[in-house]
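See structure below.
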Amino acid sequence: MALSTVLETPGAGFNFENAARNVALQGLLDGAQTPKPLKTGTTIAGVVFKDGVVLGADTRATSSEVVADKMCAKIHYISPNIYCCGAGTAADTEKTTDLLSSNLSIFSLNSGRNPRVVMAVNILQDMLYRYHGQIGANLILGGVDCSGNHLYTVGPYGSVNKVPYLAMGSGDLAALGILEDGFKHNLELEEAKELVRSSIHAGIMSDLGSGNNIDICVITKKGVDYIRPYQESEYKDKRNIKYRYRPGTTPVLTEKVIALKLEVVQEAVQKMDTA
Amino acid sequence: MLSAQGFGGPGKMKEYHYAGAVENRFSPYAFNGGTVLAVAGEDFAIVASDTRLSEGYSIHSRDSPKCYKLTDTTVIGCSGFHGDCLTLTKIIDARLKMYKHSNNKTMTSGAIAAMLSTILYSRRFFPYYVYNIIGGLDEEGKGAVYSFDPVGSYQRDTYKAGGSASAMLQPLLDNQSDSCQNAASQIGFKNMEGVQHLPLTQEKAVQLVKDVFISAAERDVYTGDALRVCVITKDGINEQTIPLRKD
């Protein structure tokens, strides 16, 4: 039996087929808009604490200036001990993390081990560098493995940083302010959760691209606690009047009913082999 | 290699994405967001705006209303580039004073609208980046709404939304009519059959305006923080402020 490879190694060099296709598309559709990718315009943050890692994210997805999704999930599952927050182009973060998750589960099945965070980081870095920034994914990876608690960030061009706390996305500066002020090494669980919550909250209030609810994911040696939502937005819409239309408001101009004539052409009985 | 450096015009988030030669041009305009709404009733007019001033992804101020009082019977709502909004309102104020001193009477809403159209067109080739809506009472005391484009084309309306969330608010107002027991807002009635055309009361109009802004704040990132509603009647101008989403 052939050993399934962890990652299919692509051809040498940079693969820019899609970039060339995009240019061609733009030429074809000139005048009309090429479809704009949905960007998440986000605040995501991560903190390493005494027993593990806490990841946090807001839940708003924007399509330029319109809110497309008020409750989108930005904390993605990679493996039972690794989760990843994604900022940037929504499709890119989804697909990249899905691909990574599939590859790591193949690896787990092959080797019988839980993957290490550094392995996930290396696979991501390799893939994103290969695409030279065309994949717009800013990721925060956090996880616990046999060598400790780790938090990494991977940028769209393939840069990697190993850090005890950080924030990414359009609201990163606001969140980082809170993190810089409140971070200490070896925080307790509740303190770490509160720190991440208030940093995401700062991002939500100061940044137009972030908003709505806050999701938190706590990863420890004992397991994962994915709290969604950790804090609901305090702004629930309360409208005064009902805006429903009475049936019959839209005028029906003509109605045409065409009966479908069906007749049995052939009937055959095939016995199932239930041996 | 494809140039991913899209400018997307004023107001769109810029893509900070280096991919080849990049030409950065100075743009004299900025987009500061904000939405304005005006509704005319039988004997009242309402001009409402949100109070958020933003640029790019940041918020400059949560308390910068876009309604400006011109006379006792006219309020103008301006959204777009805040620099041009301020200058334009200063110019209108000065012109109002000049008219008052020459003609010994206050300008009527219709006259202000006509004047604003000429002011805007005088800058046809370097426009004021402002979306204006004037709301007030006409000579007969009926509500009047005048809506403008950045270069001065205008018309009288019953209701109009302008600014960043205008595309979300205008269709809602076009179709509003309700025949439940607690008969609510009656405005627009476009494309509807068998609905009673009841006149819009002041209370219902204010409720409608509040609800419509709550909806806009849900989905438009540039709209939020607070709502300033100015109700214009023959007794004067009444202002109220209602909080909106701050995130």
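Within every chain, numbering begins at 1; the chains are lettered A, B, ... in the order of the sequence lines, protein sequences first and strands thereafter.
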Would you give the length of the straight line joining atom [atom1] of [X] to atom [atom2] of [Y], rounded to the nearest 0.5 angstrom?
X	Y	atom1	atom2	value
B:Tyr57	A:Ser210	OH	OG	8.5 Å
A:Leu173	B:Ser58	CG	OG	9.0 Å
A:Glu65	B:Phe31	CD	CZ	6.5 Å

Less than 4.5 Å apart, any side-chain heavy atom of [X] and any of [Y]?
X	Y	value
A:Leu208	B:Glu55	no
A:His201	B:Asp247	no
B:Val221	A:Arg60	yes
B:Met168	A:Val66	yes

| field | Heavy-atom proximity to chain A below 4.5 Å, by part of B:Ser215 | value |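 When you check distances to chain A, atoms from both the backbone and side chain of B:Ser215 fall under 4.5 Å.
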Counting heavy atoms not belonging to [X], are there more than 12 under 6.0 Å from its [atom1]?
X	atom1	value
A:Glu194	CD	yes
B:Phe81	CZ	yes
A:Lys162	NZ	yes

How close do A:Met205 and B:Arg62 get, heavy atom to heavy atom, and via which atoms?
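It is O-NH2, 2.8 Å.
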Q | Expected output: side-chain B:Arg219 to main-chain A:Val67 donor-acceptor under 3.5 Å | A |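 Side chain of B:Arg219 to backbone of A:Val67, a donor-acceptor pair under 3.5 Å: yes, one is there.
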| B:Phe125: partners by ring-ring contact (aromatic ring centres under 6.0 Å, His included), with sequence neighbours left out |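 B:Phe125 satisfies ring-ring contact (aromatic ring centres under 6.0 Å, His included) with no residue once adjacent residues are dropped.
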